[in-house]
Number of protein chains: 2
Amino acid sequence: MAKQNIYDNEAFFAEYMKLREREVNANNLFELPTLFSLLPDLEGKRILDLGCGTGERCIDYIKRGASQVTGVDISEKMLAVARSENSHPNITYLEMPMEDIGAIDGEFDVVISSLAFHYVEDFQGVVKNVYRLLCDGGVLLFSQEHPLTTCYSGAGDRWTRDENGKKLHANIADYCIEGRKDSTWFVEGVQRYHRMFSTIVNTLADTGLKILKMEEPYPTVELVQKYPEYYDLYHKPDFLFVKALK
Amino acid sequence: MAKQNIYDNEAFFAEYMKLREREVNANNLFELPTLFSLLPDLEGKRILDLGCGTGERCIDYIKRGASQVTGVDISEKMLAVARSENSHPNITYLEMPMEDIGAIDGEFDVVISSLAFHYVEDFQGVVKNVYRLLCDGGVLLFSQEHPLTTCYSGAGDRWTRDENGKKLHANIADYCIEGRKDSTWFVEGVQRYHRMFSTIVNTLADTGLKILKMEEPYPTVELVQKYPEYYDLYHKPDFLFVKALK
């Protein structure tokens, strides 16, 4: 089974780091505030961060009182940044694809994954391992690209625009056809896996996780006044969040 | 709060009855088989059917062993058909908007609603009453128009077509703007209420219901070969099903 390591692609990595340095981006405006708003109390908790990347969130979790954070990422480059910029005595970084967390022993109170599950083909396998690694009463909180975003493949236009380039509506095709849908994001051939809402919900429910909350963040009226380019999130959200209980 | 009774509109009722008489329609091909596949064992169970219409399903539930079925519908015309064509000693038909089921006493093992919740403005109020009426371990099973369908309002074209009229993609706009979105279905101004996936899931979870299963039915390859016009369901499902446990 393919385990994509696009973040170790030189061109991708360079562009990704530039994007993250921009003060105003969809991550800072929507993904991060929603993630923080859904976090359970982390005081004294053992955290597993799947797809931890450069480890900024791992440090955040320590600041929020986590007793121990384990950050897992497939990318050597991302973890090199994490180890140099976001190291801490109570953070352990593990270089492995999250499909391999069956190899991890131990127990966690909270498993968090930010914008990484859509890179994984075997979602069910990851969820089963998460279930095994969570203590009773433990929480899984993840964000991923929204199913109305992952359903796209190829280079077809995702939007219908007016003559001034304003986005009128999202062009949604083949939402019910799941599986790998490569996209171009900095580089060609970024592998993403599309799953319908029902598949995501059923995978969690079938594994024994109880869904506590789902979020599809979109901008406030004030934010759209400041950054009109984000109005398109009303048409098609970028992110899906799910919080579930073992 | 508006409680729509479109099924008592003469023109709507006549057209709706004609549609239902067609042997091949989306209800028979997708809605009904999915509903039946998700039904729990009904043997000896007390059933509440919200938006029972002409009562065909109430009779089905009796045939599957239900000890008692209560069918609720806002439409006098639909219930007149139900009482004349689908009466049974163990079926009680109640003419009331489902927003008023707070007036019902008693306890039910299974609450079922087929394609009616999207007509209801106060979904949370209905779900709270369902929760109250369900016994512990009771099941809510409902279908509704899919959120990618309810998000449409007005007479704008829902599809982008090629020069032969073939549907290329669904035009999705304002998915994140919830609330009443009137549509034209037989008659103008059919009131439907759009809710995002997250709102549906959170309303159930916040009320204390555990989601067991979600389905977004689409055709099999064989069915599309026989009825190519249903390929568009791959682009945008018509129906959403949710099964939840108290």
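The analysis underlying the following values was restricted to heavy atoms, covering all of them including side chains, and did not include hydrogens, waters or symmetry mates. A, B, ... follow the sequence lines: proteins, then strands. Residue 1 opens every chain.
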Please flag which part of B:L212 lies under 4.5 Å from any non-hydrogen atom of chain A: side chain, backbone, both or neither.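 Just the backbone, heavy atoms under 4.5 Å.
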Heavy-atom distance under 4.5 Å to chain A: side chain of B:L204, backbone, both or neither?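 Neither part.
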For A:I172, is it the side chain, the backbone, both or neither that has a heavy atom under 4.5 Å from a heavy atom of chain B?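 Backbone plus side chain of A:I172, per the 4.5 Å heavy-atom cut-off to chain B.
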For A:L148, is it the side chain, the backbone, both or neither that has a heavy atom under 4.5 Å from a heavy atom of chain B?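 The side chain, not the backbone.
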Top of A:P237, A:A173, A:A205, A:C151 for chain B proximity - count of heavy-atom pairs under 4.5 angstrom: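 Greatest number of close heavy-atom pairs with chain B: A:A173.
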If the cut-off is 3.5 angstrom, what donor-acceptor pairs do you find between chain A and chain B?
| from | atom 1 | to | atom 2 | distance (Å) |
| --- | --- | --- | --- | --- |
| A:H169 | NE2 | B:N171 | OD1 | 3.1 |
| A:A170 | N | B:I172 | O | 2.8 |
| A:A170 | O | B:I172 | N | 2.9 |
| A:N171 | OD1 | B:H169 | NE2 | 3.2 |
| A:I172 | N | B:A170 | O | 2.9 |
| A:I172 | O | B:A170 | N | 2.9 |
| A:D174 | N | B:H235 | ND1 | 2.9 |
| A:D174 | OD1 | B:Y231 | OH | 3.0 |
| A:Y175 | N | B:Y234 | O | 3.0 |
| A:Y175 | OH | B:E216 | OE1 | 3.3 |
| A:Y175 | OH | B:E216 | OE2 | 2.5 |
| A:C176 | N | B:Y234 | O | 2.8 |
| A:S198 | N | B:E216 | OE1 | 2.8 |
| A:S198 | OG | B:E216 | OE1 | 2.4 |
| A:N202 | OD1 | B:M214 | N | 2.8 |
| A:N202 | ND2 | B:M214 | O | 2.8 |
| A:D206 | OD1 | B:K213 | NZ | 3.4 |
| A:K213 | NZ | B:D206 | OD1 | 3.4 |
| A:M214 | N | B:N202 | OD1 | 2.8 |
| A:M214 | O | B:N202 | ND2 | 2.8 |
| A:E216 | OE1 | B:Y175 | OH | 3.3 |
| A:E216 | OE1 | B:S198 | N | 2.8 |
| A:E216 | OE1 | B:S198 | OG | 2.5 |
| A:E216 | OE2 | B:Y175 | OH | 2.6 |
| A:Y231 | OH | B:D174 | OD1 | 3.0 |
| A:Y234 | O | B:Y175 | N | 3.0 |
| A:Y234 | O | B:C176 | N | 2.9 |
| A:H235 | ND1 | B:D174 | N | 2.8 |

